[in-house]
Amino acid sequence: MEYEIVIGLEVHVQLATESKIFCSCPTDFESSPNTNICPICCGYPGVLPVLNRKALELAVRVACVLNCRVNKRIYFERKNYFYPDLPKNYQISQYELPLGEEGFLVLPSSKKIRIKRIHLEEDAGKLIHKEKYSLVDFNRAGIPLLEIVTHPDISSPEEAFSYLNYLKMTIQYIGVSSCDMEKGFLRCDANISVKKKGSESLGTKVELKNMNSFRGVKNALSYEAQRQINCLKNKKNIFQETRLWDEIKQKTFIMRTKEEAHDYRYFPEPDLGDFIVDDILIESQKEYIVELPVAKRERFIKMYGLSDKEVDILISDLSLANFFEEANKQLFQPKSIANWILGPFLELVNSLEGGMDKVELSPYNFSKIVQYFLEGKLNNLAAKKLLALSIRNNKPIDEIIEEEGLSQVSKEDELIAFVEESLKENQRAVNDYLGGKQQAVMFIVGQVMKKTRGKANPKVVRELIERKLKQKE
Amino acid sequence: MSHNVVDKKIVEYVSHLARIDIDNKEKERLTYELSKIIGYIDKLKELNVDSVVPTRGGFSETNIFRSDTAERKDYFVDMLKNAPAQEDNHFKVPKIIE
Amino acid sequence: MSLELLDLHGWEISQKIKETKISEEEVFSFFKERIQKLDKHINSFVEIYSNPVRESKESSLCGVPIAIKDNICIRGKRITCASQILNSHNAVYDATVIRALKDKGLSIIGTTNMDEFAFGSSTENSCYGPTRNPWNLECVPGGSSGGSAAAVAARLVPFALGSDTGGSIRQPASFCGVVGFKPTYGRVSRFGLIAFGSSLDQIGPITTNFVDCAHLLNIICGFDEYDSTTSKKNVPDFTKSLIDNIRGLRIGLPREYFGEGLDSEVEKAVRETAELLEKEGAKIVEIALPHTQYAVATYYIIAPSEASSNLERFDGIKYGMCKKNEDLLSLYKNTRKEGFGREAKRRILIGTYSLSSGYYEAYYIRASKVRTLIKKDFEDAFLSVDAILTPTSPVPAFKLGEKVDDPLSMYLSDIYTISANLAGICAVSFPCGFTKTNLPIGAQLIGRPFDEETLIRIGFTFQQRTDYHKRIPPLVGG
């Protein structure tokens, strides 16, 4: 490629606190519009902010995990601009002296993405646009946000995707946020420019907004990179502007009015004092830093012999990864356990509202299910049924097997009657098999399974049928 | 006769930033007044403040925090009542021309 | 009997109530009637409540009526900052000081007039018309807490709360012949005070004497978990400073405050005050506050800058006035055009200018640095003195309309009060004389941070030997 792509990403992450950053309003996102509000977060006359200690702690935690230099004495500033979702028409944020600076995140490809700065700020409300007017919901106003800005170190849309993934996992792993982009807990804007390969000077930077998923970010960057390259090839100008991503049309387009350069008139927030981020605070937050995604990925591949794809899914959620590991501690069968987790288990989890949080089944009991399956005590169907029954309540496995009669029947003398019955009832299939159609036997197996209501061991049944049919030949 | 330290263009720019509409007569008057006031304030340029640390607020304490406990109060009832324009439990604003 | 109430100060009234010599209801009715009869001349009140706003029954001042400046939030009441833009605003919560007053059983009788958003030194910038000085109805009462000061001076109410950003409690107190105290920044919670200059504002009592002042300070001072700028420093019992003894105290007279521009009668009265204090055993020392000449310029960058940002929230969307419009931009611009008065607009524009890109360094940052120098002037001075005595204002109450079209001249008259706000220290104005035309003259005491006690002691001692604070304006029965 004769052109190089230069990308910088600006990510906003909602911190997982119970209450807002400067008032005690709840942060749950399920409440009806304008019920999680109070005079403070809505900029009523006479109100004052008081900082949520947890918000600072979580922010310090992220600064540490991203290897930033943490500024020991920080303060807040006002960013002034008028917009209906901003109750005070200024946002309390940080400018001159952010919480953390000059950190980095290393991707699995070993590429190091430098983090320029991270800082704390308050979120704005939500706007719903109607044709002739708009509606404002202030539930979100005042939720603590962490802004994470990279240097323009990212060199491709795929790398941007990887960065977002690993940033999300890292922040999730340390318990700071679920980073669910669909729910709006993580938002991303991008800056992208292109330049001729080897050129020292950077191209004109374009800002991209309105991407709602990691894939959206990747596709927007791909489109925009190509657009800019085409411009250069055709000697057309690239303007420094803000473009919006259209998910439906899969294109970027310029915002209708030329956005004037904002004069934010930053100045120190007089309603808040300084905050000392001392070593005690920093050390206390470092304790939450567990094995991080990239390291875990490497270890899983080595220790469990799983494929990259399998590992990527397992580590994408820390509680899932832990579940996997705990199950293997009871029964070291990584491949089988991975299959069962990545298949039936995840299918069930994804259908639960609340995902892994709602799983009651213990890794020990899960490993037991897999063990019984491998031993032939349960067949595939029975094991799946057992999983579905126990995932929400963690009842002892043997009890459920007993109650539901899930034990697989493998004894030949228990099955022979069913086999003979099915052979008698399905002459056509028998003839097909004898005539050379080997697969007809599966149909008969299915009939036996039906008769035994799924309890028969399909392997044994098949053997029996084939033996009987051979006798007939 | 001193020239205007603050001219009409600056007044226009600043009143736009502050989202206050001013008519021409007001613009003239404000340009004159602001010019005089800023002209006086320029007195501060007499001082050498290179090595002076700016005062950042009047506070005396650091690390004033709240604990992370959520409380739902019922202010929102009165707050929605106070809204000049309201629809469906939302604050209503006219068309935002983007 | 009722007229005796005029001779009693607030604490004395509460004693009479406790001794059941008079009932709360009688006291409330007395003042309410007085307001209804006399305030038409003065226009010091914005809202008068038919029934007192009060709660619990305990404390030293219980049952005594108090008036509140129209910029302190009282839940359920109309609080407007004397501005059109808040004309329809009903506060949805109580300011912390209001909670404190309610807890101590005081009766809130109404809200008082002020300069719009506290921008002014004359209470002429109000959407309710000017307040008049009860000593001379053609004169201003001072500002921005002119309504509170006039009401107390006219004995329409025993005491009131005001707010002080650059002298807004002290200057009107001096024009009206009452005591106006600005506590150290951080002593009193600003939660519920509609903000003007966040790093400068303080709520404080306006009373006829230092006894009431000490009692009220006891009630309103203290750390507040809703205000990150309040101090955790212990609040002493200020009534313990009501001691008639200032022997050995060193009181400084700054030479910069006694120069050009100072009215001769004012100077005479303040120097005589110094002599009296010296007779009582204080040592009078001349000191220097070298950066005084830069205080007004510094203040008129910092205060409007903070104000311009604080007033951005008034946008017609969440509360208050709204000028209906087709589009958002017009909504903002027209609401704020119609809603803000002249002085408010001036300050917002000065502030926006000082913070804007290209000017921020030269104005806001520079002013913040000079502020440091002014603070240091006081720190140095307090190494050799315990309190500083100055005139409160270079002139006594000026005529209505005299300065209203000359904003710079109005600003310059704040010269003596402004520095205490920039330095965040405590200061009080108290009556120390009268002009030949029977206008009050105020002297100001400035104290170390958190040393309100020394100022109370000096003031109390002074009031044991003078009766300026007991005089009532002739218009209202003096």
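All values below come from the heavy atoms of this structure, side chains included, with hydrogens, waters and symmetry mates left out. Just so we're on the same page: letters track the sequence lines, and every chain starts at 1.
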In terms of heavy-atom pairs under 4.5 Å, which option from C:L412, C:T372, C:T229 contacts chain B the most?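 Result: the option with the highest number of such pairs is C:T372.
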
Please list every donor-acceptor pair under 3.5 Å in which a side-chain atom of residues 349-358 of chain C meets a protein atom from a residue at least two apart or in another chain.
| unit_1 | atom_1 | unit_2 | atom_2 | d |
| --- | --- | --- | --- | --- |
| C:T352 | OG1 | C:I348 | O | 2.6 |
| C:S354 | OG | C:I350 | O | 3.0 |
| C:S356 | OG | C:Y353 | O | 2.9 |

Going by the salt bridge (Lys or Arg N to Asp or Glu O under 4.0 Å) test, which pairs reach into residues 347-361 of chain C, not counting sequence neighbours?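 Residue pairs with at least one partner in residues 347-361 of chain C: C:E343-C:R347.
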
As an exercise: rank B:V49, B:N82, B:L44, B:I64 by heavy-atom pairs under 4.5 Å with chain C and give me the winner.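 Result: the option with the highest number of such pairs is B:L44.
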
Between B:E61 and C:K233, does any side-chain N to carboxylate O distance fall below 4.0 Å? no

Please classify the contact of B:N63 with chain C as side chain, backbone, both or neither, using a heavy-atom distance under 4.5 Å.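 B:N63 has no heavy atom closer than 4.5 Å to chain C.
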
Tell me, do C:L408 and B:E33 make a side-chain contact under 4.5 Å, heavy atoms counted? no

Validation row: B:P54, C:Y364 side chains within 4.5 angstrom (heavy atoms):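 No. Closest side-chain heavy atoms not under 4.5 Å.
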
Hey, does the side chain of C:R366 reach the backbone of B:L47 with a donor-acceptor pair shorter than 3.5 angstrom?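 Yes; at least one donor-acceptor contact below 3.5 Å.
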
Would you check if the side chain of C:R336 reaches a backbone N or O of B:A18 as a donor-acceptor pair within less than 3.5 Å? yes

Considering heavy atoms only, which positions within residues 303-318 of chain C lie below 4.5 Å of chain B?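 Counting heavy atoms that sit under 4.5 Å from chain B, the residues of residues 303-318 of chain C involved are C:G316, C:I317, C:K318.
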
For B:K27, what residues pass the side-chain hydrogen bond (donor to acceptor under 3.5 Å, both in side chains) criterion, not counting sequence neighbours? B:E12

